[in-house]
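These notes concern the structure reproduced below.
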2 protein chains.
Amino acid sequence: MNQKQLQSEQTKRKIAEAARALFVQKGYKATSIEEIVAATGSSKGNIYYHFKSKEGLFLHLLEEWDREWELNWEQNEHLYKTTTEKLYAVAEQLAADDLNHPLTKAADEFFHNEEKTSEVESRMAEMKVKHLAFNQNLLQEGIDRGEFMPGDAERLAVVLEAIFFGANQLSRRLNPEKTTLLYRDAVTVFLNGVATDKQAKER
Amino acid sequence: MNQKQLQSEQTKRKIAEAARALFVQKGYKATSIEEIVAATGSSKGNIYYHFKSKEGLFLHLLEEWDREWELNWEQNEHLYKTTTEKLYAVAEQLAADDLNHPLTKAADEFFHNEEKTSEVESRMAEMKVKHLAFNQNLLQEGIDRGEFMPGDAERLAVVLEAIFFGANQLSRRLNPEKTTLLYRDAVTVFLNGVATDKQAKER
DNA sequence: ATATATACCGAACGTTCAGTCAGTATTGTA
DNA sequence: TACAATACTGACTGAACGTTCGGTATATAT
């Protein structure tokens, strides 16, 4: 890799980082290319040289983030013995993400903006599938270990995803302590439910 | 109420209905005032005569919807004896809403658009408080009746809200059957959890 | 030294869109 | 009938914003 390529990559990273900061601060739509230009010192044209579009830039950030999350998890998974512990750890990590890395806010907004390139659409679908697969794996592991009731891990994976998704949304107006609490409560409920009477289970 | 006022009210309703159809179809941002104009036959100025702004118009629809939902619930609540049944009924109604009345999609989008009048902000906060209070009531009732484990109904209300919120989001790309299933699974998990070992509860 | 590809610049473009306003039509009232 | 209030019109405004494109600078290869 020669000097030019190196410089180029640095620039690209610089743009990405500035963009991330702005997206985090102001959300997706409210962040204009002009502002990213102002923050980087780079030019508008250059941004479009490195990234196909605003969407493309944002997607790049999301994928980067996803990679980091996964890496982080892989490094820490061995710390937790039972699947139950792992579930709580996941909740903890997600809550922390909510707090420290609020690209989530921009991400939600982005996910809800209706006009998307078909390419973006498919890359987003990929990410979602990966999340569900992650959940499903974890749940299946818990079932196999006898920690969780035997059940359809695939369906439960969707429920778990819904819970995390919802917690994420609601946490937006919560303070840090309440956010952590919400995630933890959510997992506890997921694990144990609230019913006293187990007959209802067969409904 | 004289003829003029009557006519005026009809016009207002006509605008609201056309707007609802469009918001449902295309989402909040993607629906332009021009399109509402085209759909109503009314003029742009007239819309602004009847509604303060696009936001105001949308909020009007949301509040109308909320009122209908509540009314509908009040009429049907007596059909369900136990709180558990009520919870499932709520899930059913929410799932049906998701399917038949997908103003939800536009609503989510709207909720995530960051720039809002302070008035809109506060009216939204009101709605949220009402939802949580509704959940809390229901849960407290369940606890009092001995159906649910004693616990902090307020905290659980947030968890329940998160679950419904998340289910709503995920259902966006699901077909009707899977949507209904998701809501039902979510409530079942909420009620019973997935853990076999109850010791974890004290974590 | 020259040629070429890569990296970068920024003014201009085209479009979108919520909101305004000066004016007109219609209905109610004195 | 005259006056006033309410209901309605639609051309226009002004600002925002993503994207493009003709052009320049710089490093590498020949």
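A, B, ... follow the sequence lines: proteins, then strands. Residue 1 opens every chain.
One side chain, A:Gln140 or A:Asp144, offers a donor N or O that lies under 3.5 Å from an acceptor on the other. No hydrogens or angles considered: a donor-acceptor pair under 3.5 Å links the side chains of B:Thr188 and B:Tyr88. For the residue pair A:Gln5 / A:Ser8, no side-chain donor-acceptor distance below 3.5 Å is found, with atom types taken as modelled.
Taking 4.0 angstrom as the limit, B:Ser8 places a side-chain polar atom (N or O) nearer than this to OP1 or OP2 of D:dA7. A:Asn46 has no side-chain polar atom (N or O) that falls below the 4.0 Å cut-off from OP1 or OP2 of C:dA7. For the pair B:Ser53 and C:dA18, the criterion of a side-chain N or O lying under 4.0 Å from OP1 or OP2 is not met. Taking 4.0 angstrom as the limit, B:Thr11 places a side-chain polar atom (N or O) nearer than this to OP1 or OP2 of D:dC8. Between D:dA7 and B:Tyr49, a contact under 4.0 Å exists linking OP1 or OP2 to a side-chain N or O.
If you take CZ of A:Phe51 and P of D:dT20, they are 16 Å apart, rounded to a whole angstrom. Between B:Ile33 atom CD1 and C:dT16 atom P there is a gap of 16 Å when expressed in whole angstrom units. For the pair A:Glu34 CD and D:dT20 C1', the computed distance is 14 Å after rounding to whole Å. Counting to the nearest Å, the C1' atom of C:dC9 and the NE2 atom of A:His50 are 12 Å from each other. One can place CD of B:Gln5 at 9 Å from P of C:dG28, the figure rounded to the nearest angstrom. Taking atom CZ on A:Phe110 and atom P on D:dG18, their separation rounds to 13 Å, with Å as the unit. Here the P atom of nucleotide D:dG18 and the OH atom of A:Tyr28 are 8 Å apart, to the nearest Å. One interatomic measurement links the two molecules: NZ of A:Lys29 to C1' of D:dG18, which rounds to 12 Å at whole-angstrom precision.
Heavy-atom distances to DNA chain D give each of B:Gly45 and A:Tyr48 a nearest nucleotide, and the one nearer the 5′ end belongs to B:Gly45.
Aromatic ring pairs are classed by plane angle as parallel below 30°, tilted from 30° to 60° and perpendicular above 60°; the pair B:Trp73 and B:Phe134 is perpendicular.
Between the side chain of A:Lys44 and the base of D:dT19, at least one donor-acceptor pair of N or O atoms lies under 3.5 Å.
With C:dG19, C:dC9, D:dT19 as the choices, the nucleotide that has an atom nearest any side-chain atom of B:Lys54 turns out to be C:dG19.
Counting only heavy atoms from C-beta outward, the side chains of A:His50 and A:Asn46 approach each other to under 4.5 Å.
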